[in-house]
Amino acid sequence: MEYSFSKLEKKWQERWTADEVYRVANNSPKPKYYVLDMFPYPSGKGLHVGHPLGYIASDIFARYKRLKGFNVLHPMGYDAFGLPAEQYALDHGVHPADSTRMNIENFRKQMDRIGFSFDWSREVTTSSPGYYRWTQWIFLQLFNSWYNRGEKKACPISSLVAAFEKEGSKSIAGYRAIDEFTASEWKGFSRKQQQDILMEFRLAYCGYGEVNWCEALGTVLANDEVVNGVSERGGYPVVKKKLRQWYLRITEYADRLLEGLDTVAFSDAMKEMQTNWIGKSYGAEIDFEIADTGASDQQKLRVYTTRPDTIFGVDFMVVAPEHALVPQLTKAEQQKEVEAYLDYVNSRSERERMAEKRITGCFTGSYVLNPFNSHRIPVWISEYVLSGYGTGAIMAVPCGDERDFKFARHFGIPVTNIVGKHFNGEEANPTKDAILENSDFLNGALMRDAIGIVIERLESAGIGNRRVNYKMRDAAFSRQRYWGEPFPIKWENGIAYALDEKELPLLLPEVKNYKPGPDGEGPLANIPEWTARHLETSTMPGYAGSSWYFLRYMDPHNNQTFCDRKVSDYWNQVDLYIGGTEHAVGHLLYSRMWTKFLFDLGYIGFDEPYRKLLNQGMIQGSSRFVYRVEIKENEALEAKLRQQPLFVSHGLSKLQGRELLNAIQPELEKIAGKDFRFNPDQMVLSPIHADVNLVDGLELDIPAFKAWRPEYALADFVLENGKYLCGSETEKMSKSKFNTVDPTSLVEKYGADTFRMYEMFLGPLEQSKPWDTKGIEGVHRFLRKLWRLFYDETKGKVWTNEPATAAELKVLHKTIKKIDEDTEKFSFNTAVSALMIAVNELGELKCHKKEVLEKIVVILTPYAPHICEELWHELGHQTTVLDAPYPVANQQYLVESEKQYPVAINGKTRTELNISLDATQQQVEALVLGNDTVQKWLDGKPPKKVIYVKNKMINVVV
RNA sequence: GCCCGGAUGGCGGAACUGGUAGACGCGUCAGACUCAAAAUCUGGUAUUGGCAACAAUGUGCAGGUUCGAUUCCUGUUCCGGGCACCA
């Protein structure tokens with residue numbers, strides 16, 4: 001009987017589905033375990049071998065935990081709202097709902113072949129009304145909440161209204177730049193005034209602000225969706241634009257997002273990325289009086305600095321071009337220059353600014369006074385100061401800050417040295433460990449200590465105060481697009497009103513075209529019925545639905561609430577979350593914030609969503625290249641080569657000019673004839689991606705390549721050693737590079753079990769690695785060897801009920817221990833190796849004992865579930881192997897009584913000795929020193945000491 | 001520029017708290033089976049020298065600590081990832 005994997009895998013997949021074996025209940029006497037994958041965006045391109053990597057890992061762990069006696073929640077769904085589906089709709093006229101449905105079907109079909117243990121009865125799709133109803137609901141909770149800094153948690157907005165009615169703006173002093181008001185003033189405000197103030201506090205709010213506007217996509221983007229000044233999706237230019245937008249007040253959670261990192265098991269790299277994104281810094285705000293202004297219209301320039309200790313090193317001030325005081329600061333004689341500079345700044349796109357950082361700037365003509373010694377300090381404008389951070393103005397200390405120093409040098413501003421020999425006049429020194437000089441009352445103080453001294457002085461003199469700043473900004477939460485959750489918001493007289501919860505879901509209406517609406521509004525603005533109801537016309541961004549999906553899996557069919565509190569109390573946090581690092585600062589921060597928010601309001605009982613996060617590495621493509629001969633500026637020859645292309649093998653691809661011509665002359669003459677003359681220096685070889693599936697290792701399958709594309713049908717090849725070898729390069733896996741490998745075709749050829757194990761065998765999960773199909777045979781061979789322990793091709797069944805020998809049990813228990821340890825620490829690649837070794841060893845021992853095989857089958861089940869289920873039943877079991885008890889390694893078979901030890905003298909191995917494992921140090925010493933070889937080497941001299949490393953070796957030090 | 005991570009045979013990668021470096025797989029070589037090939041099985045395979053036993057050298061590079069270093073320390077090169085005027 002042969003191992004016919006395709007029949008067997010189909011059989012069990014059907015059986016498992018029919019029996020609903022993966023269905024999991026929301027209660028159980030067993031302990032719970034929640035294994036989650038980052039759900040996919042169902043793109044039209046389908047899966048390549050890189051996608052299932054994380055799913056296979058999570059599936060192995062989910063099955064392992066189940067065998068270990070846990071009630072395991074392991075769901076899957078689709079992050080279905082988003083730009084690409086809409087872009088596709090614009091281009092092809094297919095409704096996003098339809099293309100999404102088709103893509104989901106395709107994804108599902110591909111995933112099903114791999115044999116995952118997902119509980120599909122819990123599937124969620126973020127674009128289905130039953131799901132986004134609750135996304136809208138959570139949005140309403142955010143809209144109706146504010147962040148109470150005193151209590152460090154979100155509270156209902158009604159509590160803020162109550163506070164205003166009772167004591168005016170007292171309780172929110174220092175929150176935001178809002179004019180103070182008393183309780184009676186509050187009551188006297190118009191409805192609009194009141195709502196405008198409340199809007200400043202809502203956790204989901206609408207406001208005007210600089211946003212990242214992407215013209216090509218016709219929408220705004222969040223900061224993490226902009227990479228190097230262009231859109232993450234599509235790579236289109238992004239400009240800053242002032243627009244009315246919805247925001248998520250994630251900045252209020254900055255501290256808790258930071259502190260929460262201590263309570264979760266994320267990689268250090270991941271924690272650091274989030275920490276940097278949040279970017280907390282400690283410093284002070286300082287007011288500088290603007291010189292030469294009258295006492296009546298006294299203006300102050302406020303700066304933020306982390307280094308108040310350098311206050312006497314301030315040689316100039318810089319304000320951002322967008323700073324509100326620019327017009328007042330600009331003196332008449334500088335007017336022209338400032339205007340020209342502002343024009344220049346506006347002409348530069350975000351991308352240009354990032355690409356080349358020029359030192360630019362312009363003097364305003366104004367001066368401010370140093371608050372401690374009243375020195376006059378010139379005020380400049382420069383684009384290197386960002387309007388969005390701190391106060392949009394800085395005090396420049398060239399001797400301590402590299403940027404300030406370069407600016408000073410560029411514009412010839414004299415530099416004050418406050419750190420003595422620590423500053424060499426050539427570059428700034430940002431040290432905190434220097435003793436201050438030229439610094440008035442700070443002279444002689446260590447900079448590190450001076451920071452606090454200055455802040456105290458500032459605060460007591462009322463010219464500044466301690467201040468914490470964050471790089472993180474509030475997250476832009478609206479998109480001028482169609483394919484997203486509609487906001488449950490209605491506008492009346494410029495006031496945003498929440499829809500009643502009973503009106504949810506606010507269904508996404510059908511549209512005829514997906515083109516943007518007027519005035520930068522979304523496509524929903526084109527629908528008269530929509531605008532007639534004064535509904536918000538933008539939709540929510542892609543990350544809205546993914547910010548809470550892990551909760552919906554727990555209670556996916558509940559239509560009373562997003563997730564019953566009892567159910568979320570049971571499943572609690574995600575125990576293991578597997579996905580890529582690309583969501584480090586997007587999805588992971590947003591979902592952590594939503595979790596904290598829902599916790600604050602008491603809807604769930606935990607405030608971090610993911611207990612442990614594992615980042616799988618990317619699987620890169622291994623591209624193959626063929627080298628095509630092109631002859632420039634010779635149209636007649638080129639025409640011939642277009643008809644009959646000529647490719648040279650990789651080994652010859654480095655040749656040029658005359659040498660190249662010599663190598664390819666015969667083939668070229670066949671195509672072009674003998675009479676052609678041309679300059680060999682105009683001959684170039686251009687590398688062209690060849691489909692990896694047409695290449696075996698590096699050798700091109702020439703007939704298959706010719707059949708691949710009509711234009712290559714007549715191609716000719718210059719070979720080396722009778723073969724055409726391709727060049728290779730590791731690149732991102734992508735259809736356009738023809739380096740994608742389709743998992744389904746591999747499953748068809750080798751079976752799902754082989755495919756799963758091979759993906760794990762490739763290397764450590766967290767490491768990025770190039771895909772190479774070659775090695776898959778080895779894993780396949782392993783499963784066939786395993787099969788042969790049960791069945792012989794001629795004899796049929798060979799397994800027996802005979803008792804196992806000690807040697808066989810030793811192999812078994814060693815393997816159980818190893819697999820258990822490796823799986824527990826997610827070292828799946830070494831676990832697969834250990835399983836291979838076990839099967840090899842059992843094969844050598846000709847072990848066909850049920851007693852041994854049965855346990856091997858169970859520990860192998862998470863890795864290769866189909867073959868194990870089949871063999872489990874073959875061994876006479878009636879129930880599924882999924883519920884088998886996980887074997888325990890028996891120490892008895894792991895301990896050896898005697899072992900051969902290498903004996904080294906000063907680190908060099910000289911001989912080997914058999915030593916009983918319970919021997920004492922003295923016994924070992926006597927044995928070693930009594931040995932002839934050792935004696936010979938010692939040459940009569942006594943050794944300094946004998947080092948006996950149990951289970952390892954013995955070293956004699958002389 | 002700053003912050004992380006990495007570098008081990010022809011290749012992917014093993015190696016527990018410092019203890020025989022190269023497990024396992026691929027590739028390759030040899031052999032068995034075969035008329036032959038494929039498939040399968042068995043064995044060899046870090047490098048250099050030697051028929052061999054064996055010897056020497058070997059974990060990016062240069063040092064250091066140690067009886068002993070892929071592992072720890074210092075410096076350095078290269079590669080990958082993240083951040084990038086955040087004052």
Side-chain angles (χ1 to χ4, degrees), chain A residues 227-228 267-281 283 303-308 310 318 320 353-354 357-359 382-386 388-397 400-404 406-407 430 469-473 581-582 584-585 615 617-618 620 622 697 730 757-758 761-764 766-782 784-785 788 793 821 827 829-838 840 843-844 900-909 912 943-958:
Chain A
V227 178
N228 293 329
S267 70
D268 289 345
M270 177 62 60
K271 287 185 181 182
E272 187 162 316
M273 268 189 246
Q274 297 207 356
T275 305
N276 287 343
W277 186 262
I278 294 167
K280 184 175 187 174
S281 72
V303 300
Y304 172 73
T305 179
T306 54
R307 297 296 302 274
T310 61
V318 188
R353 255 175 97 157
M354 283 181 164
K357 282 170 197 160
R358 289 194 217 152
I359 301 172
S382 175
E383 59 181 339
Y384 85 88
V385 171
L386 307 174
Y389 182 77
T391 61
I394 62 150
M395 54 179 230
V397 183
D401 184 286
E402 197 50 43
R403 295 156 301 182
D404 297 346
K406 282 187 177 147
F407 192 87
N469 251 318
Y470 300 91
K471 284 193 215 174
M472 187 168 66
R473 313 288 154 83
T581 30
E582 65 272 21
V585 292
N615 299 112
M618 269 225 298
Q620 292 136 329
S622 184
T730 301
M757 292 192 80
Y758 184 58
F761 184 67
L762 230 42
E766 306 201 56
Q767 191 176 303
S768 286
K769 56 234 157 192
W771 177 264
D772 177 17
T773 304
K774 276 240 142 170
I776 198 168
E777 298 273 359
V779 176
H780 191 57
R781 223 165 268 155
F782 151 75
R784 289 220 302 266
K785 277 186 200 166
R788 283 204 299 272
E793 272 166 51
E821 284 170 0
S827 180
N829 56 327
T830 52
V832 173
S833 293
L835 286 162
M836 288 179 170
I837 296 169
N840 277 341
E844 267 167 41
Q900 244 199 0
Y901 282 86
V903 179
I905 294 173
N906 275 356
K908 281 198 180 172
T909 305
E912 294 199 332
K944 270 193 203 142
K945 58 179 164 178
V946 175
I947 299 165
Y948 168 48
V949 183
K950 207 161 182 144
N951 281 322
K952 286 291 177 184
M953 50 93 71
I954 297 156
N955 195 7
V956 182
V957 183
V958 291

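Lettering follows sequence order; numbering is per chain, from 1. These figures come from a predicted structure and were not determined experimentally. The analysis underlying the following values was restricted to heavy atoms, covering all of them including side chains, and did not include hydrogens, waters or symmetry mates.
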* Asked: Is it true that atom NZ of A:K280 has more than 12 heavy atoms of other residues, nucleotides or ligands lying nearer than 6.0 Å?
  ->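 Yes.
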Strand partner of [N], provided both Watson-Crick or wobble distances fall under 3.5 Å:
N      : value
B:rA38 : none
B:rU76 : B:rG60
B:rC85 : none
B:rC51 : none
B:rG68 : none
B:rG43 : B:rC29
B:rC24 : B:rG12

* Enter syn or anti for the glycosidic conformation of B:rG10, syn applying to angles within 90° of 0. =>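 Chi for B:rG10 falls in the anti range.
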Whether [X] contacts [N] is assessed here as follows: a side-chain N or O lying under 4.0 Å from the phosphate OP1 or OP2. Is that the case?
X      : N      : result
A:R788 : B:rC41 : yes
A:R307 : B:rA87 : no
A:Y389 : B:rA87 : yes
A:Q767 : B:rG6  : no
A:R781 : B:rG25 : no
A:S281 : B:rA87 : yes
A:N840 : B:rG25 : yes

Gap between atoms [atom1] and [atom2], on [X] and [N] respectively (whole Å):
X      : N      : atom1 : atom2 : value
A:I776 : B:rG12 : CD1   : C1'   : 14 Å
A:I837 : B:rG13 : CD1   : P     : 18 Å
A:K406 : B:rC85 : NZ    : C1'   : 10 Å
A:M270 : B:rC83 : CE    : C1'   : 14 Å
A:Y470 : B:rA87 : OH    : P     : 13 Å
A:Q620 : B:rC79 : CD    : P     : 16 Å
A:E582 : B:rG81 : CD    : P     : 13 Å
A:E777 : B:rU28 : CD    : C1'   : 16 Å

* Asked: Of all the nucleotides listed (B:rC4, B:rC85, B:rA14), which has the minimum atom distance to the side chain of A:Y384?
  ->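 Closest nucleotide to the A:Y384 side chain: B:rC85.
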* To do: Over 60° means perpendicular and under 30° means parallel, so classify the ring planes of A:F407 and A:Y384, tilted if in between.
  =>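 Tilted: the ring planes of A:Y384 and A:F407 meet at 30° to 60°.
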* **B:rG82 and B:rG10, which share atom name C1', separated by this distance in whole Å** =>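 Straight-line distance between the two C1' atoms is 33 Å.
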* Does the ring centre of A:Y901 sit less than 6.0 Å away from the ring centre of A:Y948? ->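 So the answer is yes for these two rings.
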* Any donor-acceptor N or O pair under 3.5 Å, side chains A:S827, A:T830 ->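 Result is yes, a qualifying pair exists.
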* Pair A:W771-A:T773, side-chain donor/acceptor within less than 3.5 Å ->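 The answer is yes; a qualifying pair exists.
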* Which sits closer to the 5' end of RNA chain B, A:V956 or A:V949, going by the nucleotide each is nearest to? ->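 Here A:V949 is the residue nearer the 5' end.
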* **Flag, side chain of A:D401 to backbone of A:D404, donor-acceptor distance under 3.5 Å** =>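 Side chain of A:D401 to backbone of A:D404: a pair is present.
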